[in-house]
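In this text the structure is predicted, and so the values were computed from the model without any measurement.
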Amino acid sequence: KKMNPTPEEVLYDEETGFPVDFKERVAAYVKENPIEKCPLFATSTEELMESNPEAVEALQALKYGETPDENAVESKNEGNRFLKQGNYDGYMEAVLCYSEGLAHEKRVKDENIITQLYNNRSQAQLMLKNYGKAMADCKKVLEREPTNRKAMYRYAKAALAADKCKLALKYAKLGQKEVKQIVDQKQQETMTTMFVTIEEKANARLAFKRREKQKAIVEQQKMKQKQRLNIAHMTEADKKALFTTYPSLRMSTLCEYDTSKNVPGAFLHLSRIQHVDASFNFQVLFQYDELNVTDFVQQMNSQHTVMDHLSVMMPSKEHGGDVFPYARSAEERARYVIENMDAYFFDFNTVKTHPTLIHFDIRSHTLHDLLQHSKFQLPSNLILMFHIVPRDSPT
């Protein structure tokens with residue numbers, strides 16, 4: 001009737017006896033009434049409870065008993081049987097059973113049943129290593145019964161496994177206070193040992209984290225000290241002039257190569273950056289990445305371009321000149337000409353994510369322009385480094 005509310009207006013197929021638009025009507029009906037809404041094909045009890053709670057209760061009444069309390073008890077007992085199997089499938093089935101019992105939590109009159117369902121489900125979640133869900137279930141138990149020792153222990157155990165050591169420590173200590181109320185001496189000693197073990201593990205892990213944090217602080221202090229030592233390679237006057245001229249220039253804690261390595265000519269001048277008249281002289285390293293060689297420029301003025309210095313070492317297609325000394329073959333000699341070169345500098349901001357090189361024009365960009373670039377940072381060793389590669393380079 002739902003599919004065919006007005007039969008007198010429908011045209012029927014003489015051979016099949018079905019309406020001629022039968023397929024379209026079926027498709028429309030299925031779209032409006034998805035199979036998941038049918039209790040027999042629901043994917044989860046919680047989802048069905050929201051859309052059709054009466055159907056859930058009816059099915060559970062068929063399976064278990066007549067009242068929500070009876071259904072919840074049967075779900076708990078069935079979950080317990082699965083939990084005792086002690087394997088992955090058993091734990092999964094136990095979670096489903098306990099969740100089924102909790103699906104109509106608001107209709108269950110006996111609060112103790114709900115508390116037991118949450119408590120038992122926390123154990124199953126703990127065994128499945130779903131530590132966050134186990135802690136959430138323990139929290140529900142403790143909201144209803146703040147002195148529940150099992151919930152405290154499972155909360156502490158799950159928190160320790162999830163590396164939430166402070167929470168683990170908190171509930172381990174609360175548990176130790178609570179077990180003192182146990183009359184049976186042997187049981188009290190057993191549970192005390194369980195809580196103490198978690199407390200000791202949590203304390204040990206927290207102590208390890210403190211040591212690691214202290215190591216990181218020491219390393220950071222060493223890095224800052226190294227940076228201060230590198231800054232010492234500038235006179236106070238030069239330093240003041242540099243950061244006054246380029247107020248947005250930032251100092252990186254990183255550099256692209258070890259300054260302890262022997263770079264010919266790199267340390268002839270104590271002051272690596274010198275203020276001269278209205279400009280600055282820098283020590284610069286050109287890295288030819290394809291050839292894995294470098295050139296050191298002892299003094300590059302901030303008004304110069306990279307091309308000003310490369311043209312001294314590299315021939316030109318138009319004007320000729322000596323062959324590039326590092327070229328090892330005829331093909332490399334043809335490629336390593338000044339017109340075919342590109343230059344890049346390293347973006348220190350990307351070192352922890354995706355290391356990136358920033359391209360710039362060797363002909364038009366002066367060092368002065370680069371010092372004002374938003375992504376350019378002064379390396380910690382104060383020696384600038386530019387990567388030089390041919391335009392057709394696969395590097």
Side-chain angles (χ1 to χ4, degrees), residues 46 76 79-80 83-84 86-88 90-92 94-99 101-102 105 111-225 253 351-353:
E46 291 86 349
K76 184 195 76 170
N80 290 349
L83 190 64
K84 288 177 182 177
N87 55 40
Y88 179 84
Y91 299 141
M92 287 294 293
V95 168
L96 292 175
C97 290
Y98 298 137
S99 298
L102 290 165
E105 175 184 343
E111 276 290 315
N112 288 331
I113 299 173
I114 298 301
T115 302
Q116 290 168 18
L117 284 166
Y118 275 119
N119 213 349
N120 292 4
R121 191 171 71 173
S122 73
Q123 176 62 14
Q125 297 285 22
L126 185 62
M127 299 309 294
L128 289 169
K129 299 183 179 180
N130 296 330
Y131 303 123
K133 291 181 178 180
M135 291 162 67
D137 282 347
C138 290
K139 190 173 181 181
K140 290 280 189 181
V141 174
L142 293 169
E143 285 172 359
R144 291 168 168 75
E145 194 178 316
T147 60
N148 192 294
R149 293 183 288 272
K150 286 185 178 179
M152 286 179 185
Y153 176 72
R154 289 167 183 161
Y155 201 125
K157 192 173 181 179
L160 183 65
D163 204 30
K164 297 181 181 294
C165 300
K166 290 183 178 179
L167 268 177
L169 201 59
K170 173 185 174 181
Y171 283 96
K173 288 181 177 179
L174 285 173
Q176 287 177 64
K177 290 181 181 178
E178 190 57 38
V179 295
K180 292 178 181 178
Q181 306 302 319
I182 299 175
V183 177
D184 188 301
Q185 188 66 28
K186 188 175 181 180
Q187 186 184 358
Q188 183 184 125
E189 290 175 358
T190 300
M191 289 209 72
T192 300
T193 302
M194 291 163 63
F195 281 114
V196 168
T197 300
I198 290 180
E199 181 183 7
E200 288 174 348
K201 288 181 178 179
N203 277 326
R205 200 170 295 177
L206 285 170
F208 174 76
K209 286 184 176 183
R210 285 192 292 270
R211 289 195 299 272
E212 290 299 303
K213 186 178 180 180
Q214 189 59 37
K215 283 182 185 178
I217 292 171
V218 170
E219 288 300 317
Q220 189 177 11
Q221 289 173 344
K222 285 181 180 179
M223 183 65 76
K224 288 181 179 179
Q225 178 64 19
T253 58
V351 69
K352 291 183 178 179
T353 53

> Specify the closest pair of heavy atoms between A202 and C165, including all atoms of both residues, with the distance to one decimal.
CB-O, 3.8 Å
> Below 4.5 Å, heavy atoms only, C-beta onward: do M135 and K139 meet side chain to side chain?
no
> Any side-chain donor paired with an acceptor under 3.5 Å for N148 and E145?
yes
> Would you say Y98 and D137 make side-chain contact, with heavy atoms under 4.5 Å?
no
> Looking at Q187, is its backbone amide N or carbonyl O close enough to the side chain of D184 to form a donor-acceptor pair, meaning the two atoms are under 3.5 Å apart?
yes
> Once you round to the nearest 0.5 Å, how far does CD1 of I114 lie from NZ of K140?
10.5 Å
> Might you work through the side chain to side chain contact (heavy atoms under 4.5 Å, CB included) test for N119 and Q116, ending with a clear yes or no?
CA-CA 5 Å; N119 213 349; Q116 290 168 18; 5.5 Å; no
> Mind listing the closest non-hydrogen atom pair of A162 and Y131 along with its distance?
CB-CB, 4.0 Å
> Would you compute the distance between atom CD of E178 and atom NZ of K150 and round it to the nearest 0.5 angstrom?
14.0 Å
> Working to the nearest 0.5 Å, report the span between CD1 of I198 and OG1 of T193.
11.5 Å
> Would you say K209 has more than 12 foreign heavy atoms packed within less than 6.0 Å of its NZ?
yes
> Nearest 0.5 angstrom please: Q125 CD to S99 OG, how far?
7.0 Å
> Could you measure the distance from the CZ atom of R121 to the SG atom of C97? Nearest 0.5 Å is fine.
12.0 Å
> Is there a salt bridge (charged side-chain N to carboxylate O under 4.0 Å, His left out) between E212 and K215 once you walk through the steps?
CA-CA 5 Å; E212 290 299 303; K215 283 182 185 178; 3.5 Å; yes
> Which residue, N120, L117, T115, forms the side-chain contact (heavy atoms from CB on, under 4.5 Å) with V141?
T115
> Determine whether R149 and I182 make a side-chain contact, defined as any pair of heavy atoms from C-beta on separated by less than 4.5 Å.
yes
> Taking C-beta and beyond as the side chain, do R144 and Y118 meet within less than 4.5 Å on heavy atoms?
yes
> How many angstroms lie between atom CE of M127 and atom CG of N87, to the nearest 0.5 angstrom?
10.5 Å
> Under 4.5 Å between any side-chain heavy atoms of L169 and R205, yes or no?
no
> State, with a plain yes or no, whether a side-chain heavy atom of E200 is found less than 4.5 Å away from one of N203.
no
> Do you know which two heavy atoms are closest between A168 and A156, and how far apart they sit?
CB-O, 3.5 Å
> For the pair Y153 and F195, name the ring-plane relationship: parallel under 30°, tilted 30 to 60°, perpendicular over 60°.
perpendicular
> Ignoring hydrogens, what is the shortest heavy-atom contact between R154 and L126? Give both atom names and the distance.
CG-CD2, 4.3 Å
